[in-house]
Amino acid sequence: EKSAKPATSEAPVYNGEYKTLLKVEMPEFIPRPDLMQQFLRWAYIELGDNAKENYGIESCEVVPLYLEDRWVEKYGEDPATTKVINGFKAQMEDAEIHVLMDDTVIEGFDYVGMDENGFPEKRG
């Protein structure tokens with residue numbers, strides 16, 4: 001049985017290593033591109049439009065980061081015509097934050113169907 005996998009947010013520290021900032025469980029049924037598109041919209045509003053009132057900074061530029069072509073092909077899309085959101089970059093005065101989805105692929109199923117003997121099986 002599949003279960004949700006923890007997702008982490010990491011930031012580089014001065015010695016070139018990463019420090020975990022956030023760890024959450026991601027449900028299997030939310031496709032990554034959809035999740036990152038929603039996260040990007042949140043960043044545009046919360047970081048871009050409302051930076052002053054939410055965080056006390058004058059401005060924050062939010063820029064989408066796209067999935068590498070090799071991964072777009074794995075989704076069955078043409079990398080020449082399809083851009084898949086993989087995260088975003090938030091640029092402030094003194095800091096730059098990158099929020100990206102990792103490369104781990106988790107097999108999930110869209111629904112449960114019946115096999116030829118009438119028993120449930122995972123499909124999709």
Side-chain angles (χ1 to χ4, degrees):
E1 172 140 344
K2 305 275 185 201
S3 64
K5 181 177 191 301
T8 60
S9 174
E10 298 179 322
V13 292
Y14 292 104
N15 62 4
E17 304 244 343
Y18 285 87
K19 177 181 178 182
T20 300
L21 299 176
L22 172 71
K23 192 170 190 175
V24 296
E25 295 232 349
M26 304 302 299
E28 287 186 62
F29 60 88
I30 300 176
R32 287 180 185 200
D34 293 346
L35 176 67
M36 295 315 291
Q37 180 69 41
Q38 292 172 25
F39 204 13
L40 178 63
R41 282 190 230 142
W42 170 86
Y44 279 139
I45 294 167
E46 295 297 314
L47 297 172
D49 296 342
N50 301 321
K52 180 75 169 174
E53 65 185 47
N54 287 342
Y55 305 103
I57 57 177
E58 288 302 316
S59 67
C60 180
E61 179 185 6
V62 176
V63 178
L65 299 173
Y66 296 101
L67 198 60
E68 295 175 26
D69 289 348
R70 66 188 172 107
W71 293 107
V72 174
E73 289 173 349
K74 285 194 176 215
Y75 281 115
E77 302 287 343
D78 179 8
T81 59
T82 304
K83 295 290 182 198
V84 177
I85 302 289
N86 191 42
F88 64 88
K89 174 175 70 172
Q91 178 68 52
M92 295 164 257
E93 278 183 34
D94 299 328
E96 183 175 283
I97 299 171
H98 290 233
V99 176
L100 295 166
M101 185 64 74
D102 65 9
D103 290 344
T104 304
V105 176
I106 301 169
E107 183 181 342
F109 300 93
D110 292 332
Y111 59 91
V112 175
M114 294 294 185
D115 68 9
E116 63 274 357
N117 296 322
F119 291 101
E121 68 177 0
K122 296 176 182 176
R123 293 187 182 169

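Excluded from the calculations below are hydrogen atoms, water molecules and symmetry mates; all remaining heavy atoms, backbone and side chain alike, are included.
- Contact record, Met92 with Cys60: CG-SG, 3.6 Å, taken as the closest heavy-atom pair.
- With sequence neighbours left out, Asn54 forms a side-chain contact (heavy atoms from CB on, under 4.5 Å) with Glu46, Asn50.
- Residues satisfying the ring pair (Phe, Tyr, Trp, His ring centres under 6.0 Å) criterion with Phe39, sequence neighbours excluded, are Trp42, Phe88.
- Within the structure, salt bridge (Lys or Arg N to Asp or Glu O under 4.0 Å) contacts touching residues 49-67 (residues at least two apart or in different chains) are Lys52-Glu58.
- In this structure, the side-chain contact (heavy atoms from CB on, under 4.5 Å) partners of Lys89, at least two apart in sequence or on a different chain, are Val63, Leu65, Glu96, His98.
- Residues Leu40 and Pro64 come closest through the heavy atom pair CD2-CB, 3.7 Å.
- Remark: Glu116 engages no residue in a side-chain contact (heavy atoms from CB on, under 4.5 Å) (not counting sequence neighbours).
- Nearest heavy atom pair, residue Val62 against residue Ala43, reads CG2-O, 3.6 Å.
- Here the OG atom belonging to Ser59 is positioned 6.5 Å from the CD atom belonging to Glu93, to the nearest 0.5 angstrom.
- For the side-chain contact (heavy atoms from CB on, under 4.5 Å) test, residues two or more places apart in sequence or in another chain that qualify with Asp115 are Asn117, Phe119, Glu121.
- Taken together through direct or relayed side-chain contacts under 4.5 Å among Ile, Leu, Val, Met, Phe, Trp and Tyr, Ile85 and Ile45 form parts of separate hydrophobic clusters.
- Here the shortest heavy-atom pairing between Gly87 and Met36 reads CA-CE, 3.4 Å.
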